[in-house]
Protein chains: 2
Amino acid sequence: MENELFKALADPTRRTILEKLAHESMNASTLRDGMNISQPAMSQHLAVLCKARLVRQERQGRYINYEVDPDGLVAIANWLTRYRAYWPQKIDALKSLLEEMDP
Amino acid sequence: MENELFKALADPTRRTILEKLAHESMNASTLRDGMNISQPAMSQHLAVLCKARLVRQERQGRYINYEVDPDGLVAIANWLTRYRAYWPQKIDALKSLLEEMDP
DNA sequence: AAATCATATAAGCAGACACTTATGTGATTC
DNA sequence: GAATCACATAAGTGTCTGCTTATATGATTT
């Protein structure tokens, strides 16, 4: 759902979590390193991100490994397409996005 | 600022306003048509959207005309580029985004 | 210049949200 | 199978947010 997606992204702590996961998948405890946040808080944030399909989990023995879920990102891109008429002529941001993808 | 951007988009009423403006620029009073919302509420929402650079205003005689501001949209696209490694092979959403733009 | 009309601000309130501590669950290891 | 360890849920609290009504601002029109 669209609302869950944007609400999930509205919190800076969750965006930080997402960015960390984009760099490397890891479990919840490792995610906490360097972030001044309690264990339940991290658990709650991850639940919100999972529900928004921005993150997905996969049990890995004793730990649960969290990783970026492309589904949520695609949903944002889809949302952005509604405003394609308003892109400026120079779309550097989109250009770089494209260069990384196979046509 | 990134936080203002996502917080602005986190509210469904504001996303509705943005979508209406994407279809056609208009003033605040016209925007209210069909939306069960008070005049001050609309004014406050527009202020938030303007601050996030998703909407810009331009006085037009007696009215103020509001329109989509590409700056905010580009900022989202920029943010998305951080996760380009996670795009799936089939990127229909992005494809359609590109097809509308001149290379 | 006075009146009018579109928009902005003030003040206050109810609900949502992010955080905490305490406790529960559930898989793994010894 | 009992202990352990990662993670989830419960319950409570302060703050933020979006809404309202009332009032102010500020440009336009007569």
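In what follows, chains carry the letters A, B, and so on, assigned in the order in which the sequence lines appear, proteins first and then strands, with residues in each chain numbered from 1.
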*Residues in contact with DNA chain D, drawn from residues 29-41 of chain A - heavy-atom cutoff 4.0 Å*: A:Ser29, A:Gln39, A:Pro40

*Residues in side-chain contact (heavy atoms from CB on, under 4.5 Å) with B:Arg32, at least two apart?*
B:Ile37, B:Gln39, B:Met42

*Of all heavy-atom pairs between B:Val48 and B:Ala8, which one has the smallest distance, and what is that distance?*
CG1-CB, 3.8 Å

*asked:* Tell me the closest heavy-atom pair linking B:Asp33 and B:Lys20, and the distance in Å.
replied: O-NZ, 2.7 Å

*Backbone of B:Asp69 reached by a side-chain donor or acceptor of B:Arg56 within 3.5 Å*: no

_Positional range of nucleotides in DNA chain D within the contact set of chain A, heavy-atom, under 4.0 Å_ = D:dT4 to D:dA10

*Looking at B:Asn65, B:Val68, B:Leu31, which one forms a side chain to side chain contact (heavy atoms under 4.5 Å, CB included) with B:Ser25?*
B:Asn65

*Answer whether the closest heavy-atom distance between the side chains of B:Leu9 and B:Ile76 falls below 4.5 Å.*
yes

_Return the OG1 to CZ distance between B:Thr13 and B:Arg15, rounded to the nearest 0.5 Å._
9.0 Å

*For DNA chain C, which nucleotides open and close the run of contacts to chain A, 5' to 3', at under 4.0 angstrom from a non-hydrogen atom?*
C:dC17 to C:dT29

_Between B:Ile64 and B:Leu46, is there a side-chain heavy-atom distance shorter than 4.5 Å?_
no

*Which of residues 47-68 of chain A have a heavy atom under 4.0 Å from DNA chain D?*
A:Gln57, A:Arg62, A:Tyr63, A:Ile64, A:Tyr66

*asked:* Which heavy atom of A:Ala10 sits nearest to which heavy atom of A:Pro12, and what is that distance?
replied: O-CD, 3.6 Å

*Which heavy atom in B:Tyr83 sits nearest to a heavy atom in A:Leu18, and how many Å separate them?*
CE2-O, 3.7 Å

*Taking all atoms of both residues into account, what is the closest heavy-atom pair of B:Ala52 and B:Leu5, and its distance?*
O-CD1, 3.4 Å

*Between the main-chain N or O of A:Tyr86 and the side-chain N or O of A:Arg84, is there a donor-acceptor pair closer than 3.5 Å?*
no

*Please say which of A:Arg82, A:Lys7, A:Arg53 ends up in a salt bridge (charged side-chain N to carboxylate O under 4.0 Å, His left out) with A:Glu2.*
A:Arg82

*Distance from A:His45 atom NE2 to A:Met35 atom CE, nearest 0.5 Å?*
7.0 Å

_Heavy-atom closest pair, residues A:Asn27 and A:Tyr63_ = ND2-CD2, 3.0 Å

*DNA chain D contacts made by residues 11-20 of chain B, counting heavy atoms under 4.0 Å*: B:Asp11, B:Thr13, B:Arg14

